[in-house]
Amino acid sequence: MVVSVRSWVANEGGKHLVLMLWLGANTWLFVKTFLLYSTGQQYYYLYKMLGLGLCISRASASVLNLNCSLVLLPMCRSLLTFFRGTHTVSSRKTRRLLDKSKTFHVACGVAICIFSVVHVSAHLANVVNFSVSFSDDFPALNLARYRGEMFSLRLPCSLIGCFSSVPGVTGVLLVLILFLMFTSASNYEIFWYTHNLFIVFYIILMVHMVGGALKYQTNIMAHPPGCFRMNQSSSAEQGEELKQHEDGERRCREEAHFQPHYPQTWLWVSAPLCLYCAERFYRYIRSSDPVTIVTIIKHPCDVMELRMLKKNFQARPGQYILLNCPGVSSFENHPFTLTTCPTENKETFGIHLRVVGDWTERFTQLLLPQPKIDVEVLPVVQQRRYPNDGWTGFRLQRLYFVWVCRELQSFYWFAELLCALHHKVSTKDIEKYGPLASRLQVGRPRWKLLLDEIGRANKQKRVGVFCCGPKGISRTLHRLCNSACSSGTTFEFNKESFS
């Protein structure tokens, strides 16, 4: 399948630009930190002792600090909603990028897992090098108690000594929390519980460097790295430095002084963490008003319709709510697109949900067979406010609507909405769904033929494609929208996003 450059740029250009900028920032930070520890004079003696393990551990730590700060920003949904509604964000491409915030969150999470493995591996090499390269000249740099401690008969004790420090204990806890988060990603319910450990993760992360084992030299001017010392223990180094001394170079005026780094992780993560905590508190305030379920309608194919009422609730078509039911789980929040919105004549709002999975099954059991109007359901509305000015000249000319269902009965409940929209509701069931009969096709949708037909009817134009459905259909439409079209039509792919 030939890819259209114009369609690819429209659908993928902005996303890949942000991805390249993010990769560039990570690469630049890694290389900068690596060179600092490999060539910096303040790390001269520490680098001689630990080698590349020092550079890799610190470079990966810098990348981890960056991504641990960025990973929180996409989860500030109210803030993203505010930016969507501001007049400065009037570009459709910018809004579509904001809709991909969850993808950026996942990318940062994957980077955190990868560089955590690199960071831990480098520190394990450092532990070995601390033992092998034990320094008699600079005891302040040593983590081991004597040379070859790691290979002595008391190996378990030496390992316990390495991991009993603050960086060691906190490092093990951080790895354990990351492991739980990563392995639970495939299970939605467990995922929600383990991801709430992020608060513990960030608290531990900010104290991880307290009492660090890696130290830098503080008196470079009085003690140039590699200068001649009269009490130097290594005869080879003494001969080399003595030659330099005879040439009048690099003479030590005092002993080298070392001190551990001041913890800097909190400088990276404190602002995003405070912002996210404020976001969660704001969402909690908005969700504190009680919600009353006034109507429950059971449709065919395990589809339920809920009509709810909430004080001062305002919404527009296309928005979604997050349902949190403490009777099922206090931690899980499930998004549902609004199918009916409050109007001047009707204050209720509604959603349709399909009973599939543990959460929806337990939620249904709370509501059926007897509806409970006092059930504790807390919808949190993520409002998307778009600026009105600048869009008045746009008018929808034609809408192609494709609704795919596995069973014929699944069309019935949605047909009621369509028939009400077109004012074609009849008293008999067969006639009631008559407007859909001529459009009903059996079998899989022939997406390519459909897009080619739409392309011929809209030559050299931009056509928006909006997908709300399973990943298989989404991937197929996404690929077809990026493919070349003989009519020159650009298909802009959009997928339902709860970010």
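FYI, side chains are in, hydrogens and waters are out, and symmetry mates aren't considered; it's all heavy atoms of this structure.
- No side-chain donor-acceptor contact under 3.5 Å links S101 to the backbone of L97.
- Going from atom CZ of F34 over to atom CD1 of I56 covers 5.5 Å, rounded to the nearest 0.5 Å.
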**Request:** Apply side-chain contact (heavy atoms from CB on, under 4.5 Å) to the pair L52 and Y47, showing each step before the final yes or no.
**Result:** CA-CA 8 Å; L52 291 178; Y47 177 72; 4.3 Å; yes
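- Remark: the backbone N or O of L480 is paired with a side-chain donor or acceptor of S483 at under 3.5 angstrom.
- The distance from atom CG of L36 to atom CD of Q41, rounded to the nearest 0.5 Å, is 11.5 Å.
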**side-chain contact (heavy atoms from CB on, under 4.5 Å) between L477 and F493, intermediate numbers included** = CA-CA 8 Å; L477 286 175; F493 178 79; 3.8 Å; yes
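- Residue I203 is tested with V207, V200, I199 for a side chain to side chain contact (heavy atoms under 4.5 Å, CB included); the sole match is I199.
- The two atoms that bring R251 and P224 nearest to each other are O-CD, 4.3 Å, heavy atoms only.
- In this structure the side chain of N333 never reaches within 4.5 angstrom of the side chain of L323, judged on heavy atoms.
- Within the 4.5 Å cutoff, the side chain of C68 has heavy atoms near those of the I112 side chain.
- In terms of modelled atom types and a separation under 3.5 Å, the side chain of T194 and the main chain of M181 share no donor-acceptor contact.
- No donor-acceptor distance shorter than 3.5 angstrom exists from the side chain of N129 to the backbone of M49, with no hydrogens or angles considered.
- Contact annotation: the side chain of L35 approaches that of V31 to within less than 4.5 Å [non-hydrogen atoms, C-beta and beyond].
- Ring geometry, W359 versus F363: the interplanar angle falls under 30°, so the pair is classed parallel (tilted spans 30 to 60°).
- Closest of all the heavy-atom pairs between S69 and P272 is O-CB, 3.4 Å.
- Using modelled atom types, one side-chain atom of N219 and one backbone atom of E255 make a donor-acceptor pair closer than 3.5 Å.
- Using a 4.5 Å cut-off on side-chain heavy atoms (C-beta onward), F130 and L214 make contact.
- Ring pair F138/Y45 is tilted by interplanar angle, where 30° to 60° counts as tilted.
- Shown here is R462, whose CZ atom has more than 12 heavy atoms of other residues, nucleotides or ligands within 6.0 Å.
- Take H16 and apply the ring-ring contact (aromatic ring centres under 6.0 Å, His included) test, not counting sequence neighbours, and it matches W8.
- No side-chain heavy atom of Q217 sits less than 4.5 Å from a side-chain heavy atom of H257.
- In this pair, F104 and W22 present their aromatic rings perpendicular. The plane angle is above 60°, beyond the 30 to 60° band.
- Here the side chains of P139 and N142 are in contact, with some heavy-atom distance below 4.5 Å.
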**Message:** What verdict does the side-chain hydrogen bond (donor to acceptor under 3.5 Å, both in side chains) test give for T339 and H352, after you've listed the backbone C-alpha separation in whole Å, the side-chain angles of each residue and the deciding distance to 0.1 Å?
**Reply:** CA-CA 7 Å; T339 51; H352 287 73; 2.9 Å; yes
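- Between E279 and R77 there is no salt bridge, since none of the side-chain N atoms of the basic residue sits less than 4.0 Å from a carboxylate O of the acidic one.
- Side-chain N or O atoms of T170 include one that pairs as donor or acceptor with a backbone N or O of P167 at under 3.5 Å.
- Looking at V128 and L124, their side chains never come closer than 4.5 Å, going by heavy atoms from C-beta outward.
- Under a cut-off of 6.0 angstrom, the local environment of OH in Y284 is sparse, with at most 12 non-hydrogen atoms contributed by other residues, nucleotides or ligands.
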**Request:** Evaluate the criterion side-chain contact (heavy atoms from CB on, under 4.5 Å) for residue pair V402 and W447; output intermediate values, then yes/no.
**Result:** CA-CA 10 Å; V402 181; W447 298 114; 3.6 Å; yes
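- Ring to ring, Y320 and F336 are not that close: their centroids are 6.0 angstrom or more apart.
- Scanning both residues, P445 and V404, for their nearest heavy atoms gives CG-CG2, 3.5 Å.
- Across every non-hydrogen atom of T360 and G357, the tightest pair is OG1-O, 3.2 Å.
- Residue pairs that meet the ring pair (Phe, Tyr, Trp, His ring centres under 6.0 Å) test with at least one member in residues 200-220, sequence neighbours left out, are Y216-H261.
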**Request:** Kindly determine whether C76 and L275 satisfy side-chain contact (heavy atoms from CB on, under 4.5 Å), including the steps that lead there.
**Result:** CA-CA 8 Å; C76 297; L275 184 64; 4.2 Å; yes
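- With hydrogens and angles ignored, the 3.5 Å screen pairs no side-chain donor or acceptor of S131 with any backbone N or O of V127.
- Residues satisfying the salt bridge (Lys or Arg N to Asp or Glu O under 4.0 Å) test with K15, not counting sequence neighbours, are E12.
- Here the CD1 atom belonging to I351 is positioned 5.0 Å from the CG atom belonging to L306, to the nearest 0.5 angstrom.
- Summarising the geometry of C481 relative to V465, their closest heavy-atom pair is SG-CG2, 3.8 Å, with the distance given to 0.1 Å.
- Distance check: S133 OG to L141 CG gives 11.5 Å after rounding to the nearest 0.5 Å.
- When ring centroids are compared, F198 and Y276 come within the 6.0 Å threshold.
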**Request:** Start with the C-alpha gap between Q460 and T489, add the side-chain angles, then the distance that decides, and say whether side-chain hydrogen bond (donor to acceptor under 3.5 Å, both in side chains) holds.
**Result:** CA-CA 5 Å; Q460 303 298 326; T489 305; over 6 Å; no
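- In this structure, the side chains of C325 and L366 come closer than 4.5 Å at one or more pairs of heavy atoms.
- The minimum heavy-atom distance between S57 and N126, with the atom names listed, is OG-ND2, 3.4 Å.
- Between the OG atom in S60 and the CG atom in N65 there is a gap of 9.5 Å [rounded to 0.5 Å].
- At least one donor-acceptor pair under 3.5 Å links the side chain of K215 to the backbone N or O of A140.
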**Stepwise side-chain hydrogen bond (donor to acceptor under 3.5 Å, both in side chains) check, R6 with T490** = CA-CA 7 Å; R6 182 180 177 184; T490 301; 2.8 Å; yes
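- Atom CD1 of I177 and atom CG of L197 lie 5.5 Å apart (nearest 0.5 Å).
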**Prompt:** Can you list the steps and then say if E492 with N11 is a side-chain hydrogen bond (donor to acceptor under 3.5 Å, both in side chains)?
**Reply:** CA-CA 6 Å; E492 295 183 350; N11 291 317; over 6 Å; no
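- Counting non-hydrogen atoms of other residues, nucleotides and ligands closer than 6.0 Å to CZ of F182 gives a total of 12 or fewer.
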